[in-house]
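Here is the structure we will look at.
Just so you know, these numbers come straight off a predicted model, no measurement behind them. Below, all heavy atoms of this structure are taken into account, side chains as well, without hydrogens, waters or symmetry copies.
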Amino acid sequence: MTARPDALPLTGITVVSLEQAVAAPFATRQLADLGARVIKVERPGEGDFARRYDTTVHGESSYFVWLNRSKESLTLDLKSEAGREVLERLLAGADVFVQNLAPGAAERLGLGARALAERFPSLIACTVSGYGTTGPWADRKAYDLLVQCQTGLVSLTGNEHGAARAGVSVADIAAGMYAYSGILTALFTRATTGVARAVEVSLFEALAEWMGQPAYYTRYGGTQPPRVGTRHATIAPYGAFTAADGKDVLFSVQNEREWAALCERFLGRPELVDDPRFATGALRVAHREPLDALVAARFAELDAATAGGLLDEAGVANAGVNDIAAFLDHPVLAARDRWRDVPLPGGDLVPALLPPADLDGVEARMGAVPGVGEHTEPILTELGYGADAIARLRTARAV
């Protein structure tokens with residue numbers, strides 16, 4: 001069946017997700033943005049524990065609001081036979097199943113990828129785990145910061161005074177992105193070959209991929225990149241400098257042309273182009289301290305706006321160091337009309353950013369954030385349960 005030309009790209013795809021926290025919900029939200037029907041299976045009463053991470057968004061969790069728009073919420077007690085029967089009916093009509101349950105939980109429920117492939121040959125099963133479903137750490141729990149530590153990321157972030165975590169959940173986000181792209185690839189493979197292939201992503205291996213450059217640098221350079229704050233371990237000059245008005249401006253020189261332009265148009269020191277200390281990128285890094293001192297002295301003579309203007313004239317990329325409030329009011333987001341209002345369970349509207357990948361002629365779906373179990377009754381009705389059967393499920397607390 002051919003989709004309507006005005007339909008979203010994933011219209012007609014049904015995703016059932018036993019998800020919690022960040023990684024799996026981030027993957028399925030992106031599928032929902034593009035038109036997939038995402039049925040989020042939650043625990044009766046409490047739901048996804050990310051609903052209680054905070055209460056900052058009109059009483060809702062900032063994490064949950066970010067990750068769960070455009071989904072339907074169905075509550076099921078999967079420890080009950082009746083709850084598992086409902087899930088089986090759901091999976092019989094689904095295209096994709098996603099889960100990031102605790103290690104071993106999916107297998108105990110008969111929801112491992114192999115077991116599902118036997119019962120539902122056309123179903124694409126996606127497993128998001130901490131350290132993989134095999135290997136010595138398969139049964140180990142993993143959270144974002146633990147994975148940042150295990151991959152060595154924390155040893156790179158921060159400054160000479162100490163290490164620091166990345167300020168957002170980069171391991172979860174990386175795993176969610178790879179799960180999303182893996183599911184899209186599996187859908188394409190099924191459409192072209194008829195074969196439904198399972199997808200597996202771990203937080204550890206997703207973030208390990210992001211550590212490729214420092215891994216090569218360390219393996220072949222003999223030492224790992226140092227912690228340098230806003231500076232760059234292998235590029236100089238690069239970093240934030242304080243202007244005369246107290247505002248910080250970050251810039252970086254990426255090549256020899258930019259280095260020459262910086263010397264001539266910003267520093268007013270064209271003779272530095274041929275200074276043997278700074279003749280190549282590697283030499284500039286080796287002599288970072290005297291170079292940064294020259295740059296800092298120039299910034300101390302200029303206010304931030306003037307410094308940024310001179311860097312623009314030199315063709316050197318630069319930016320003010322924004323806080324979150326400044327980011328929210330960023331002129332690029334306003335001018336490019338990137339915000340859309342999304343309803344919360346209580347009816348309040350909150351602005352949400354459109355997905356970053358624009359498809360020509362396609363407006364992403366920006367639907368409501370669901371309340372716990374908000375869609376339980378209509379989904380059960382759709383699956384063939386009558387009013388009496390639904391009442392019995394509720395009495396048994398299976399839903």
Original post:
Okay, side chain of Thr151, backbone of Val147: is any donor-acceptor separation there less than 3.5 Å?
Top reply: yes

**OP:** Answer yes or no: is there a donor N or O on one side and an acceptor on the other, between the side chain of Asp144 and the main chain of Asp172, under 3.5 Å?
**Re:** yes

Original post:
Salt bridge check: are Arg114 and Glu107 linked by an N-O gap of less than 4.0 Å?
Top reply: no

Original post:
Between Lys40 and Asp48, is there a salt bridge with N-O shorter than 4.0 Å?
Top reply: yes

Among side-chain atoms of [X] and [Y], is any donor-acceptor pair under 3.5 angstrom?
{"X": "Gln254", "Y": "Ser252", "answer": "yes"}
{"X": "Thr55", "Y": "Glu60", "answer": "no"}
{"X": "Ser155", "Y": "Gln224", "answer": "yes"}
{"X": "Glu42", "Y": "Ser73", "answer": "yes"}
{"X": "Thr376", "Y": "Thr75", "answer": "yes"}

[X] atom [atom1]: more than 12 heavy-atom contacts under 6.0 Å:
{"X": "Arg52", "atom1": "CZ", "answer": "yes"}
{"X": "Arg298", "atom1": "CZ", "answer": "yes"}
{"X": "Arg197", "atom1": "CZ", "answer": "no"}
{"X": "Glu271", "atom1": "CD", "answer": "yes"}
{"X": "Arg119", "atom1": "CZ", "answer": "yes"}

Original post:
Can you find a heavy atom in the side chain of Val369 that is under 4.5 Å from one in the side chain of Val342?
Top reply: yes

Original post:
Below 4.5 Å, heavy atoms only, C-beta onward: do Ile124 and Asp95 meet side chain to side chain?
Top reply: no

**OP:** Evaluate the ring planes of Phe241 and Phe251, with Trp represented by its six-membered ring, and classify them as parallel (under 30°), tilted (30 to 60°) or perpendicular (over 60°).
**Re:** tilted

Original post:
With under 30° as parallel and over 60° as perpendicular, where do the rings of Phe49 and Tyr53 fit, or are they tilted in between?
Top reply: tilted

Original post:
With the 4.5 Å side-chain cut-off for hydrophobic clustering, are Val15 and Tyr178 part of the same group?
Top reply: yes

Subject >> Test log, rule side chain to side chain contact (heavy atoms under 4.5 Å, CB included), inputs Val16 and Leu91 >> reply: CA-CA 7 Å; Val16 176; Leu91 294 177; 4.0 Å; yes

**OP:** May I ask you to check whether Tyr63 and Phe26 place their ring centres under 6.0 Å from each other?
**Re:** no

Subject >> Trp137: partners by ring pair (Phe, Tyr, Trp, His ring centres under 6.0 Å), with sequence neighbours left out >> reply: Tyr131

